[in-house]
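Report on the structure given below.
Every heavy atom of this structure was used, including side-chain atoms; hydrogens, water molecules and symmetry mates were not.
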Amino acid sequence: MVMVMSVVFVCIVSLLFTGLFLLLSEKRGLDREKCSPYECGFEPIGSARSPFSIRFFLVAVLFVVFDVEVVLLMPFAYMFLYGKSLMGILSSSGFLFILFVGLYHEYREGSLEWVG
């Protein structure tokens, strides 16, 4: 009961603060000059946007996702050494299964290939 009350209290306070900040925030229209690219006071030469390969972005996102998942696996290593509970083993096995299914999907989709 205390947990439910705490969650409800936190949700209400966060909604109140969000509403308060939205009401008190300064509303600005989009100014054409502020939205234009800035190059030390000169007019931009060429396009302000450079082409970027989506492959590099995809590899960076995959690296971050799998890096976070490796960090989440660290408590499982500790659990295997000291805990050895059935529920822990089942949950870590399920987590690893989901991780490998995602890796297989990325491999089958071709996201892990550099040249293609």
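In this structure, CE in M74 is found 11.0 Å from CG in L72, a value given to the nearest 0.5 Å. Atom CG in L96 sits 11.5 Å away from atom CG in L103 (nearest 0.5 Å). S91 contributes atom OG, which lies 10.0 Å from atom CZ of F95 (distance to the nearest 0.5 angstrom).
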Tell me which donor-acceptor pairs under 3.5 Å the side chains of residues 13-21 have, and how far apart each pair is, sequence neighbours excluded?
unit_1, atom_1, unit_2, atom_2, d
S14, OG, V10, O, 3.1
S14, OG, C11, O, 2.9
T18, OG1, S14, O, 2.8

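Listed by chain and residue number, S111 satisfy the side chain to side chain donor-acceptor pair (under 3.5 Å) test with E106 (two or more places apart in sequence, or in another chain).
Linking Ile, Leu, Val, Met, Phe, Trp and Tyr residues whenever their side-chain heavy atoms come within less than 4.5 Å places L62 and L73 in a single cluster. Taking hydrophobic clusters as Ile, Leu, Val, Met, Phe, Trp and Tyr residues chained together by side-chain heavy-atom distances below 4.5 Å, V68 shares a cluster with F100.
Residues M5 and F9 fail the side-chain proximity criterion, which asks for heavy atoms closer than 4.5 Å.
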